[in-house]
Amino acid sequence: MQRKIHFLANFVALILSLTLANAETHHHQFVVQTTPVKRLCRTRNIITVNGQFPGPTLEVRDGDALVIKVINAARYNVTIHWHGIRQMRTPWADGPEYVTQCPIQPGASYTYRFTIENQEGTLWWHAHSRWLRATVYGALIIHPKLGVPYPFPNPNTQIPILLGEWWDRDIISVQRQAIFTGAAPNVSDAYTINGQPGDLYRCSTKETAKFSVKSGETLLLRIINAALNQELFFTVANHMLTVVGNDAAYNRPFATRVVMIGPGQTTNVLLTADQPAGRYYMAARAYATAQNAAFDNTTTTAVLEYDSAPRPSTTGKQRPLLPALPRFNDTNTATAYTSQLRSLPSKNTKVPTQIDEKLFFTVGLGLVNCTPGPRCQGPNNTRFAASMNNVSFVLPRSTSLLQAYYQNIPGVFTTDFPPVPPVAFDYTGNVSRGLWQPQRGTKLYKLKYGSNVQIVLQDTAIVSTEDHPLHLHGYHFYVVGQGFGNFNPSRDTARFNLVDPPIRNTINVPVGGWTVIRFVADNPGVWLMHCHIDSHLRWGLAMSFLVENGPGKMQSVEAPPPDLPPC
Ligand code: C2O
């Protein structure tokens with residue numbers, strides 16, 4: 001008996017050391033720099049990482065550690081955010097400027113250190129400083145631990161598909177102009193797939209992204225919507241897509257022709273090359289829901305090319321097959337798609353049922369009245385704004401929220417973010433003009449460590465209803481319900497999915513509707529929640545949680561790294 005126990009203990013220790021030995025530390029250097037890039041017939045200087053556009057793909061395994069030294073060789077302040085990484089106890093490495101750190105100034109550097117804990121799938125990284133993420137982004141792929149299989153047949157090939165948005169002008173000047181005028185920013189000039197607009201744009205054909213495939217093979221497409229301001233539909237001509245994962249969480253596989261994906265979200269799909277050998281377009285274009293708002297109505301393409309396909313003729317007559325895409329305002333298709341998402345049952349699925357914090361946040365636009373003039377070019381002499389619970393979020397400038405919290409610096413923020421809207425109204429109805437102007441503020445909402453949180457995210461009809469992709473830093477959450485109109489607790493609560501709700505870090509709040517999320521506040525720190533449409537974020541569609549430390553050692557924010565940039 002003794003020997004048996006001894007043997008068992010040794011065996012366990014061996015397994016433990018094996019799994020630990022398998023974890024790797026990846027060291028990378030990211031040089032943020034100005035790089036000339038030619039698109040749409042013109043060469044423009046853009047900000048890149050290491051001169052690459054899109055930036056470098058990081059590939060790691062669950063359990064690995066990352067050490068990324070970011071050197072700012074560009075002329076703007078910058079930070080990098082690892083979108084979807086939980087950053088347990090390491091909020092200092094999260095990246096949003098003035099939230100968890102001051103920006104890295106030109107000539108300075110900062111090293112992000114974090115560990116992947118129980119996450120696998122597709123995530124991405126991007127600048128989280130002004131609108132630099134328009135060109136500063138890349139894929140972050142987390143493979144399962146060594147020896148752990150995917151919950152689906154092994155694909156033959158894996159391809160990151162980064163959907164982006166391209167401006168023919170310097171993005172910082174686009175942002176500056178919007179900030180100055182108070183009007184909506186210029187819409188983009190192209191969408192891109194892996195940095196290339198594709199055949200439907202001027203001067204783009206030669207550089208169109210191409211992916212070759214053998215007949216019968218299965219591809220895993222890791223689709224990332226890195227667009228600045230636009231939700232997108234994505235499809236591949238003649239091929240069915242099997243959705244297997246979102247935001248680094250597996251889902252119950254389902255087949256679809258079209259994927260709707262909001263900025264910030266990722267979607268893993270399997271595609272089997274089961275069509276006649278040939279060339280097929282994959283394509284993406286806008287899902288745009290705001291009323292009377294301009295948007296980029298172009299279509300980006302890449303080519304899926306069977307390696308046995310007949311060579312394209314030089315006369316250019318054999319164009320690849322172009323798929324049909326939903327209309328830009330096809331909310332039925334978007335809803336039919338998102339309502340199919342279910343998480344894959346796993347031992348880790350624990351949807352909170354006893355709720356400690358019942359929160360209700362309105363999300364939407366607003367208008368600020370101002371003196372007619374060049375700075376007042378929004379609708380009817382106003383400036384655009386946006387808010388959650390009528391608070392238009394303002395970032396501090398002298399320090400970050402996390403530093404202010406950690407070092408007890410007074411006067412940087414308050415913790416009175418309202419748990420419910422200050423005034424109840426018919427959110428998606430005809431909202432009286434008196435409710436259109438939000439209040440500016442740097443208000444956080446405090447959460448006790450370990451509390452079970454539910455948030456109803458309610459779109460409003462202020463200015464216009466709109467589908468908003470809401471992202472929560474430091475967490476993933478269960479999406480227990482979605483619907484249209486005003487959330488009605490007595491009717492809608494009963495229909496929550498508490499069995500296999502999708503797990504995400506970014507979820508769309510349907511146009512004129514609501515989404516309910518739940519999570520356990522088990523990661524202390526200051527965590528931004530915001531609309532991942534950057535123009536809305538800039539207008540104030542954000543708030544922050546302050547999650548207090550727990551009693552245990554592994555339940556407290558770690559000390560800040562010594563090279564944390566000063567403001
Ligand atoms: Cu992907 Cu706050 O960002």
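Along the sequence shown, the residues carry numbers beginning at 1. Both counts, for ligands and for their atoms, begin at 1 and track the order of listing.
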* Identify whether the distance between the nearest side-chain nitrogen and carboxylate oxygen of Arg86 and Asp522 falls below 4.0 Å. => yes
Donor-acceptor list for residues 395-402 side chains, cut-off 3.5 Å, not counting sequence neighbours:
from, atom 1, to, atom 2, distance (Å)
Ser400, OG, Gln403, N, 3.1
Ser400, OG, Gln403, OE1, 2.7

* Phe384 and Trp539 aromatic centres sub-6.0 Å -> yes
* Distance flag, aromatic centroids of Phe234 and Tyr337, threshold under 6.0 Å ->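 Aromatic pair excluded; centres sit 6.0 Å or further apart.
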* Protein N/O/S atoms under 2.8 Å of atom 2 (Cu) of ligand 1? -> His128 NE2, His473 NE2, His530 NE2
* Asked: Taking only residues two or more places apart in sequence, or in another chain, which ones meet Tyr445 in a side chain to side chain donor-acceptor pair (under 3.5 Å)?
  ->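 Side chain to side chain donor-acceptor pair (under 3.5 Å) check on Tyr445 returns Glu357.
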* Any idea which N/O/S atom from His126 gets closest to atom 1 (Cu) of ligand 1? ->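 Looking only at N, O and S atoms of His126, the one nearest atom 1 (Cu) of ligand 1 is named NE2.
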* Of all residues at least two apart in sequence or in a different chain, which pass the side-chain contact (heavy atoms from CB on, under 4.5 Å) check with Ala190? ->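 With neighbours one apart ignored, the set is Leu40, Trp166, Pro197, Tyr201.
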